[in-house]
**Student:** 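My structure is below; once you've seen it, I'll send some questions.
Everything numeric in this text was worked out from a predicted model, so none of it was measured. No hydrogens, no waters, no symmetry mates; every other heavy atom, side chains included, goes into these values.
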Amino acid sequence: MGLAGAAVFGWLMAGGFLSGTGAADAAPPDLCSLIAAKDMSRIVPLPHTTHQTDPRHDVRNEAECKVTSGKAWTKDGGRYGRLHINLIRHGSTRQGDGWSEARETYDWFKEYEAGDGSTPRELPRLGEKAYVEARSKSASGGHSGRRAEAELTVLLGKDVLTVKYVAQPSTPERAREVAVATSARVLGGL
């Protein structure tokens with residue numbers, strides 16, 4: 001192989017280690033704004049909202065919305081809520097295209113969620129694939145009522161959306177309903 005052949009071979013090999021040609025789509029600058037303020041107040045009492053984005057451009061872009069009850073507990077019986085929404089938008093990398101990267105992330109999240117021996121519940125008609133897991137726990141902070149948690153993950157194209165919701169007092173069924181409704185609202189606003 002001559003000098004020209006070695007140069008072409010080197011150029012091709014270097015190209016194989018660069019990131020893919022498909023950059024990740026931009027994440028919404030304010031993921032929280034996709035939920036109406038009146039809805040947010042209904043599911044998280046006295047909502048205190050923070051949001052951030054983490055652009056990595058060609059690899060993936062993330063947006064995050066965190067909402068917690070301000071002043072911790074409301075005066076009307078000790079109600080508390082916490083909502084965490086995370087969106088990961090995948091681009092192509094040297095390991096795969098954005099679609100396969102998103103599927104790997106989704107599958108990893110599902111495997112991790114089921115690591116405690118539970119079986120996450122599949123949700124038809126939400127994205128391409130979706131699952132949710134909801135559970136009940138004892139009340140915390142010396143307050144009465146059961147605490148419920150739900151975690152929902154949706155795969156849609158190159159996007160993986162995760163919604164985590166905690167409320168007290170609440171039931172797993174109600175927490176699941178809130179997580180499903182929130183994810184549908186966010187997906188509808190993307």
**Student:** Looking at R185, I'd like to know if its CZ atom is crowded, meaning that more than 12 non-hydrogen atoms belonging to other residues, nucleotides or ligands lie closer than 6.0 Å.
**Tutor:** no
**Student:** How far apart are the closest heavy atoms of P28 and A63, and which atoms are they?
**Tutor:** O-CB, 3.6 Å
**Student:** So does A24 get a backbone contact from the side chain of N61, meaning a donor-acceptor N/O pair under 3.5 Å?
**Tutor:** yes
**Student:** Kindly determine whether L161 and T153 satisfy side-chain contact (heavy atoms from CB on, under 4.5 Å), including the steps that lead there.
**Tutor:** CA-CA 6 Å; L161 175 70; T153 302; over 6 Å; no
**Student:** Which heavy-atom pair separates V44 from G81 by the least distance, and what is that distance?
**Tutor:** CG1-O, 3.5 Å
**Student:** To the nearest 0.5 Å, tell me how far T68 OG1 sits from R82 CZ.
**Tutor:** 8.5 Å
**Student:** Test of understanding: clusters of I, L, V, M, F, W, Y form through side-chain heavy atoms closer than 4.5 Å, transitively. Do V67 and Y80 belong to the same one?
**Tutor:** no
**Student:** Check for a donor-acceptor pair, side chain of Y106 on one end and backbone N or O of A130 on the other, with a separation under 3.5 Å.
**Tutor:** yes
**Student:** Linking I/L/V/M/F/W/Y whenever any side-chain heavy atoms sit under 4.5 Å apart, do V163 and V166 land together?
**Tutor:** no
**Student:** Do D107 and K110 sit within salt-bridge range, that is, some charged N less than 4.0 Å from a carboxylate O?
**Tutor:** no
**Student:** L87 and side chain to side chain contact (heavy atoms under 4.5 Å, CB included): which partner among V160, L190, V186, T162?
**Tutor:** L190
**Student:** Main chain of G157, side chain of E128: is a donor-acceptor contact present, judged purely on distance under 3.5 Å?
**Tutor:** yes
**Student:** Go through the steps to decide whether H84 and E64 satisfy the test side-chain hydrogen bond (donor to acceptor under 3.5 Å, both in side chains), and finish with yes or no.
**Tutor:** CA-CA 7 Å; H84 182 205; E64 182 177 58; 2.7 Å; yes
**Student:** Could you measure the distance from the CH2 atom of W99 to the NZ atom of K158? Nearest 0.5 Å is fine.
**Tutor:** 4.0 Å
**Student:** Give the intermediate values and the outcome of side-chain hydrogen bond (donor to acceptor under 3.5 Å, both in side chains) for residues T105 and H90.
**Tutor:** CA-CA 9 Å; T105 299; H90 290 275; 3.1 Å; yes
**Student:** Taking the side chain as every heavy atom from C-beta outward, state whether P172 and R135 have any pair of such atoms under 4.5 Å apart.
**Tutor:** no
**Student:** Look at the side chain of S41 and the backbone N and O of K38, then say whether any donor-acceptor pair between them is shorter than 3.5 Å.
**Tutor:** no
**Student:** Hey, does V154 have a side-chain heavy atom less than 4.5 Å from the side chain of L152?
**Tutor:** yes
**Student:** Calculate, to the nearest 0.5 Å, the distance between atoms OG and CD1 belonging to S183 and I85 respectively.
**Tutor:** 9.0 Å
**Student:** In the structure I gave you, are the side-chain heavy atoms of R79 and P169 within less than 4.5 Å of one another anywhere?
**Tutor:** yes
**Student:** If I take atom CZ from residue R89 and atom CG from residue D159, how far apart are they, to the nearest 0.5 angstrom?
**Tutor:** 4.5 Å
**Student:** Is the backbone N or O of P45 less than 3.5 Å from a side-chain atom of S69, with the two atoms forming a donor-acceptor pair by type?
**Tutor:** yes
**Student:** Please answer whether the main-chain N or O of D97 pairs with a side-chain N or O of S100 as donor and acceptor at a distance below 3.5 Å.
**Tutor:** yes
**Student:** Are any non-hydrogen side-chain atoms of L83 and K66 less than 4.5 angstrom apart?
**Tutor:** no
**Student:** Quick check: F109 with Y131 (ring centres under 6.0 Å apart)?
**Tutor:** no
**Student:** So, the side chain of Y165 versus the backbone of E177: is there a donor-acceptor pair under 3.5 Å, distance only?
**Tutor:** no
**Student:** Output the distance between atom CG (L31) and atom OG1 (T49), rounded to the nearest 0.5 Å.
**Tutor:** 11.5 Å
**Student:** From E62 CD over to I88 CD1, what is the distance, rounded to the nearest 0.5 angstrom?
**Tutor:** 4.5 Å
**Student:** Given side chains that start at C-beta, do those of L187 and L126 come closer than 4.5 Å, heavy atoms only?
**Tutor:** yes
**Student:** Is R147 salt-bridged to E149, going by a charged N under 4.0 Å from an acidic O?
**Tutor:** yes
**Student:** Would you check if the side chain of R146 reaches a backbone N or O of T171 as a donor-acceptor pair within less than 3.5 Å?
**Tutor:** no
